Participant: 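Before I ask anything, let me first share the structure, which is written out below as C-alpha cells.
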2 protein chains.
Amino acid sequence: MGKPREQRQQEIIEAVLELAAEQGVQRVTTQAIADRVGIAQPTVFRHFKTRDAIFAAAIDFLAMNLFNALETFIVAKGPADERLRQLINVQLGFISRQKGLPRLLFSDRLHLESPALKAAVQKVMRRYMKQLAKLIREGQETACFRPEMDPDQASRYIAALVQGLIMRWSIFDFEFSLEEEGEPLWAFLYSSIRV
Amino acid sequence: MGKPREQRQQEIIEAVLELAAEQGVQRVTTQAIADRVGIAQPTVFRHFKTRDAIFAAAIDFLAMNLFNALETFIVAKGPADERLRQLINVQLGFISRQKGLPRLLFSDRLHLESPALKAAVQKVMRRYMKQLAKLIREGQETACFRPEMDPDQASRYIAALVQGLIMRWSIFDFEFSLEEEGEPLWAFLYSSIRV
DNA sequence: GATATTTGTGAGTAATTAATCACTTACACA
DNA sequence: TGTGTAAGTGATTAATTACTCACAAATATC
C-alpha cells in the first residue's frame, strides 16, 4: 500500500479494461475497480477526479497503444497493399489481446453519457480513418489500388468492415477467433480495391 | 385513460424507440417512458412485467418490421445482384427512419445486462446473415457473383460492412445521411463480389 | 528526527431507479 | 343495474452507486 500515483493510475486503467472485457462497461463501477486493484472504493477518487476521467484515461491508453502498433505499417516501406494487409492483421491481433477496446469504443453508455468521452471516441475513429486514407492514397499512386476510388470513402468502408467484424465478435462474446478472420477479410477487401 | 392492453404496449414500445434514438438506451428509464406515453410510472409495469421485457418487446417489434421489409427482396424475382443492391438500400432507409434500432442492437447495456436480451439480439443478427447468404448463393447459381466465394463468409462481411456503417452513423449521432451511403457502399461491395 | 505531502480508509450522503402495494377509476357484460 | 376485471395512480421501498469527508498511515523532504 501507498504506491506512487502513476503506478496506481495504471493499475486502475488495467482493471477497467479487464472488467470491461469480462462483464461490459456497465459493471465497471468504482467499487468493482477498487476490488480488482485491491484498494478501498474512495481511494479510486484519490487518483481520478471522476468516473468519466477514468474512462477517458483508459481510452487514451488504448488509442496510444493501438496507433503505436498501426503507425509502423503506415510509415513503413514496401508495397501499400501488403502493408494494408499486415495493418489489418496487426489490428485484429491487438484487439484480440485487448478485448476491453471494443467494449469501451462501441459502448453507447460512454458516448451518450458524457460529451467529453464521446469526443474522445470520435477522435480515435477519425484518426483511424485518416491513417487508412493515407495508405490508400499512397497505394493508388503506386498502382496497387483502383485509381478511380475516393480514398476517403474507401477508408470509411474499410473501417466499417473491420469495425463491423469486431462488433459482431464483441456481441457474440468473443466466441470466434478474431485473428483467423484477418486473411479471409483481406481477401474480400482486396478484390474490391485492387487495380 | 384506460386504454386496451395492446394499444398501450405499442405506445410504450414506440416511446422506448424514440427515447433510445434521442438519448441512448441508458436514459430509457421507466419514468422517462411513462412521461413520454403520458401515464404514471407504475402503470408501465401493468403492461410489462419487467424493464427487460419492454426491451425484448421493442427488439421483437423492430426485427419483425425489418425482416418484413427485407424478405420482399429475398423472395422476389429478378437478378440477385440487383436485389441485393435494393435490399441494402431499403435496409439503410428503414434504419434511418428507426434510429432506435442501432441504439438497441448495438447497446452493450442490453446484451450484457440480460441473457434473454443478448439471445434476442444474437438471433436477429444470425437471421439477417442467413438471409444474405441465401441471396448470395442464388446469385452464384445465376452467375451474378464470384462462384469461388464462400456464401456464409461473404454474408458475414457484407453484414459487417453495413453494420459498421450504421454503427459509425450512430456513434457520430446521425450526423450524415445514411441513405446517401447506399449507392457508394454498393459500388464498393459490388466490385468485391461480382464475377 | 520533525514536518509536510501524498496515499489510504471507514462511515456516510444524495441521487437515481426498478419494482411493490393498497387503493381508485373505468369498463365489459350478465 | 350490479359485479368482476383490467387500467391507472400516489406513496413507498430497497438497492445501487458516484462521490465526500474527517481522519490515519505512509512516505518524502528538510
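Proteins come first, then strands; the chains are lettered A, B, ... in the order of their sequence lines, and each starts at number 1. Predicted, not measured: the structure shown is a model, and the values here were computed from it.
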Participant: Among A:Lys99, A:Arg103, A:Arg168, find the one that has a salt bridge (charged side-chain N to carboxylate O under 4.0 Å, His left out) with A:Asp173.
Facilitator: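 The single option meeting the salt bridge (charged side-chain N to carboxylate O under 4.0 Å, His left out) with A:Asp173 is A:Arg103.
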
Participant: Rounded to the nearest Å, what distance is computed from the CZ atom of residue B:Arg5 to the P atom of nucleotide C:dA28?
Facilitator: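 Taking CZ of B:Arg5 and P of C:dA28, I get 16 Å after rounding.
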
Participant: Determine: side-chain N/O of B:His47 to OP1/OP2 of D:dA6, distance under 4.0 Å, yes or no.
Facilitator: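 Result: no.
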
Participant: Could you work out, with ring-ring contact (aromatic ring centres under 6.0 Å, His included) as the rule, every residue matching B:Tyr128, not counting sequence neighbours?
Facilitator: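 Partners of B:Tyr128 by the ring-ring contact (aromatic ring centres under 6.0 Å, His included) criterion come out as none, since no residue qualifies.
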
Participant: Near DNA chain D, under 4.0 Å by heavy atom, which residues of residues 23-46 of chain B?
Facilitator: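 When residues 23-46 of chain B is checked for heavy atoms under 4.0 Å from DNA chain D, the hits, listed by number, are B:Ile39, B:Ala40, B:Pro42, B:Thr43, B:Arg46.
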
Participant: C:dT17 P sits how many Å from B:Ile54 CD1, rounded?
Facilitator: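 After rounding, the reported distance stands at 14 Å.
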
Participant: Testing the basics here: between B:Ser191 and B:Arg146, what is the closest heavy-atom pair and its distance to 0.1 Å?
Facilitator: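 Minimum heavy-atom contact is O-NH1, 3.8 Å.
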
Participant: Calculate the interatomic distance between A:Phe48 atom CZ and C:dT7 atom C1'; express it in whole Å.
Facilitator: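 That distance rounds to 14 Å.
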
Participant: Starting at atom CD of A:Glu6, determine the distance to atom P of C:dT6, rounded to an integer number of angstrom.
Facilitator: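 Taking atom P of C:dT6 as the reference, CD of A:Glu6 is at 15 Å.
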
Participant: Look at B:Lys134 together with B:Glu71 and state whether they make a salt bridge at an N to O cut-off of under 4.0 Å.
Facilitator: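 Here B:Lys134 does not pair with B:Glu71 in a salt bridge, since their nearest N and O are not under 4.0 Å apart.
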
Participant: Can you tell me the distance, in whole Å, between the CD atom of B:Gln9 and the P atom of D:dG8?
Facilitator: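 Atom-to-atom, B:Gln9 to D:dG8, this comes out as 11 Å.
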
Participant: Roughly how many Å is it from CD in A:Glu11 to P in C:dT7, rounded to a whole number?
Facilitator: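 From A:Glu11 CD to C:dT7 P: 13 Å.
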
Participant: May I ask you to say whether B:Glu113 pairs ionically with B:Lys118, meaning some side-chain N is under 4.0 Å from a carboxylate O?
Facilitator: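 Salt bridge flag = no for B:Lys118 with B:Glu113.
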
Participant: Apply side chain to side chain donor-acceptor pair (under 3.5 Å) to residues B:Gln10 and B:Glu14 and explain how you reach the verdict.
Facilitator: CA-CA 6 Å; B:Gln10 194 55 36; B:Glu14 272 156 28; 3.2 Å; yes

